[in-house]
Participant: 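Let me give you the structure first, and then I'll get to my questions.
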Amino acid sequence: MKALIVYAHPREQGLNRGILETIVRTLEKQGHEVTVRDLYRVNFDPVLQGPDTIHIEEGHFVREKDTYPKDVEIEQQYILESDLLIYVFPIWWNSFPAILKGYIDRVFAYGFAYSFEDATVSKQFSGKKALFFSTTGQPQTPENEPDTVLTQAIKTTTSGWIFNANDTEVIDHIFYGRVPYLTDTDLENVLRDVENRIEALDKFL
């Protein structure tokens with residue numbers, strides 16, 4: 001299996017980096033091929049330019065350009081070649097970090113990730129699975145509840161939205177809350193949970 005991990009955190013240390021390294025180590029131990037796209041390290045340009053947006057002409061969605069920018073095509077090819085798509089990022093202002101939002105704006109473009117007129121677009125995502133790991137300073141989910149009102153809203157506008165127009169199956173969006181207040185033992189438990197979740201992926205793939 002080929003796994004693509006899109007990582008969006010500027011720090012070289014911390015819990016998000018630990019989550020990333022745990023995912024990579026666990027997948028590779030299982031014999032999977034792993035590609036990491038660290039958006040800060042590759043200096044991904046998150047700014048969507050006017051010619052790459054869509055607009056309406058005579059009732060149809062159109063783009064001024066027939067092709068995507070070269071850096072976008074590189075990221076799109078990584079997606080097409082992968083069976084499992086994993087996203088690791090903190091929740092800032094109740095959403096994606098800006099660099100990841102820009103990645104989605106540019107890479108998940110009309111004609112690639114979704115189309116209102118071409119049914120073949122969604123089919124190129126058939127069989128793909130997606131998994132999201134997010135950290136947040138907000139409290140974790142209440143006892144016996146799957147989500148807080150806030151995490152459910154974030155899911156709806158992040159992991160629940162970007163694949164809603166193609167055939168990718170979202171396995172889960174996991175939140176680790178109260179990060180600034182976690183003890184060393186708590187942090188170790190988070191990474192153990194990440195490892196366990198990755199090891200259990202076989203039942204979804």
Side-chain angles (χ1 to χ4, degrees), residues 3-9 16 19-20 23 37-40 44-50 52-56 60-63 68-69 71-73 75-138 140-141 145-177 194 197 201 204-205:
L4 171 66
I5 306 174
V6 178
Y7 179 76
H9 199 295
N16 277 265
I19 291 171
L20 171 65
I23 293 172
R37 298 300 288 168
D38 183 331
L39 299 185
Y40 286 95
F44 183 80
D45 179 5
V47 180
L48 178 66
Q49 301 293 338
D52 295 314
T53 61
I54 59 174
H55 60 280
I56 299 291
H60 297 280
F61 287 88
V62 297
R63 298 174 69 251
Y68 302 106
D71 62 334
V72 168
E73 289 183 337
E75 303 304 326
Q76 290 174 340
Q77 190 60 38
Y78 279 122
I79 292 172
L80 292 177
E81 293 174 353
S82 301
D83 309 295
L84 175 64
L85 310 173
I86 300 179
Y87 300 85
V88 180
F89 57 95
I91 298 297
W92 289 343
W93 294 99
N94 298 329
S95 189
F96 301 111
I99 197 169
L100 181 54
K101 178 59 166 66
Y103 169 95
I104 293 166
D105 286 345
R106 298 189 65 218
V107 176
F108 284 72
Y110 183 78
F112 171 74
Y114 70 102
S115 174
F116 304 119
E117 299 176 342
D118 184 356
T120 64
V121 169
S122 65
K123 297 304 179 186
Q124 63 186 348
F125 286 79
S126 293
K128 296 186 186 300
K129 313 288 185 182
L131 181 61
F132 294 73
F133 291 90
S134 294
T135 58
T136 173
Q138 297 291 330
Q140 210 163 12
T141 56
E145 294 291 336
D147 290 298
T148 65
V149 172
L150 183 56
T151 55
Q152 184 55 58
I154 292 171
K155 281 185 179 181
T156 300
T157 58
T158 56
S159 55
W161 190 255
I162 66 174
F163 291 113
N164 75 336
N166 61 53
D167 291 343
T168 300
E169 177 189 346
V170 177
I171 297 171
D172 202 354
H173 189 164
I174 299 104
F175 291 84
Y176 298 109
V194 171
R197 289 177 183 273
L201 278 177
F204 297 102
L205 302 174

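Side chains are part of it too, since the values below use all heavy atoms of this structure and drop only hydrogens, waters and symmetry mates. One is the number of the first residue; the rest follow in order along the sequence.
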Participant: Taking the side chain as every heavy atom from C-beta outward, state whether His60 and Glu117 have any atom pair closer than 4.5 Å.
Facilitator: yes
Participant: Using a 4.5 Å cut-off on heavy atoms from C-beta on, say whether the side chain of Phe175 contacts that of Ile154.
Facilitator: yes
Participant: For Arg37 and Glu75, what are the C-alpha separation, side-chain angles and deciding distance, and is it a salt bridge (charged side-chain N to carboxylate O under 4.0 Å, His left out)?
Facilitator: CA-CA 8 Å; Arg37 298 300 288 168; Glu75 303 304 326; 2.6 Å; yes
Participant: Output a table of donor-acceptor pairs, distance under 3.5 Å, between side-chain atoms of residues 94-101 and any protein atom two or more places apart or on a different chain; print 'none' if there are none.
Facilitator:
| residue | atom | partner | partner atom | Å |
| --- | --- | --- | --- | --- |
| Lys101 | NZ | Asp105 | OD1 | 2.7 |
| Lys101 | NZ | Asp105 | OD2 | 3.2 |

Participant: Would you find a donor on one side and an acceptor on the other, under 3.5 Å apart, between the side chain of Gln76 and the backbone of Val107?
Facilitator: yes
Participant: Given the rule in the side chain to side chain contact (heavy atoms under 4.5 Å, CB included) test, do Val170 and Phe132 qualify, once you have shown the distances and angles that lead to the verdict?
Facilitator: CA-CA 8 Å; Val170 177; Phe132 294 73; 4.1 Å; yes
Participant: Side chains of Val6 and Tyr103: does their closest heavy-atom pair fall under 4.5 Å?
Facilitator: yes
Participant: Measuring only between side-chain heavy atoms, which start at C-beta, is Asp172 closer than 4.5 Å to Arg197?
Facilitator: yes
Participant: Could you grab the distance from atom OG1 of Thr151 to atom CD1 of Ile174, nearest 0.5 Å is fine?
Facilitator: 12.0 Å
Participant: Quick one: pull up CG in Asn166 and CD in Gln124 and give me the separation to the nearest 0.5 Å.
Facilitator: 8.5 Å
Participant: Would you tell me whether Asp167 and Ser126 have side-chain atoms, one donor and one acceptor, within less than 3.5 Å of each other?
Facilitator: yes
Participant: Quick one: which of Asp71, Thr53, Asp45 gives a side-chain hydrogen bond (donor to acceptor under 3.5 Å, both in side chains) with Arg106?
Facilitator: Asp71
Participant: Anything under 3.5 Å between a donor and an acceptor, one on a side chain of residues 79-91, the other on a protein residue two or more places apart or in another chain? List them.
Facilitator:
| residue | atom | partner | partner atom | Å |
| --- | --- | --- | --- | --- |
| Glu81 | OE2 | Gln77 | NE2 | 3.2 |
| Ser82 | OG | Tyr78 | O | 2.7 |
| Asp83 | OD2 | Lys2 | N | 2.8 |

Participant: With ring centroids as reference points, do Tyr68 and Tyr110 lie under 6.0 angstrom apart?
Facilitator: no
Participant: Do Asp38 and Ile5 have side chains that approach each other closer than 4.5 Å (heavy atoms only, starting at C-beta)?
Facilitator: no
Participant: Can you tell me how far NZ of Lys129 sits from CD of Glu169, rounded to the nearest 0.5 angstrom?
Facilitator: 3.5 Å
Participant: Should the pair Arg63-Asp52 be classified as a salt bridge under the 4.0 Å nitrogen-to-oxygen rule?
Facilitator: yes
Participant: Enter the distance from Asn164:CG to Ser159:OG here, rounded to the nearest 0.5 Å.
Facilitator: 11.0 Å
Participant: Is there a side-chain contact between Val194 and Phe133 in this structure, where contact means two heavy atoms from C-beta onward sitting under 4.5 Å apart?
Facilitator: yes
Participant: Enter the distance from Ile162:CD1 to Thr168:OG1 here, rounded to the nearest 0.5 Å.
Facilitator: 8.5 Å
Participant: Verify the ring-centre separation between Tyr114 and Phe112: is it less than 6.0 angstrom?
Facilitator: no
Participant: Keeping to residues at least two apart or across chains, list the salt bridge (Lys or Arg N to Asp or Glu O under 4.0 Å) pairs with something in residues 85-98.
Facilitator: none
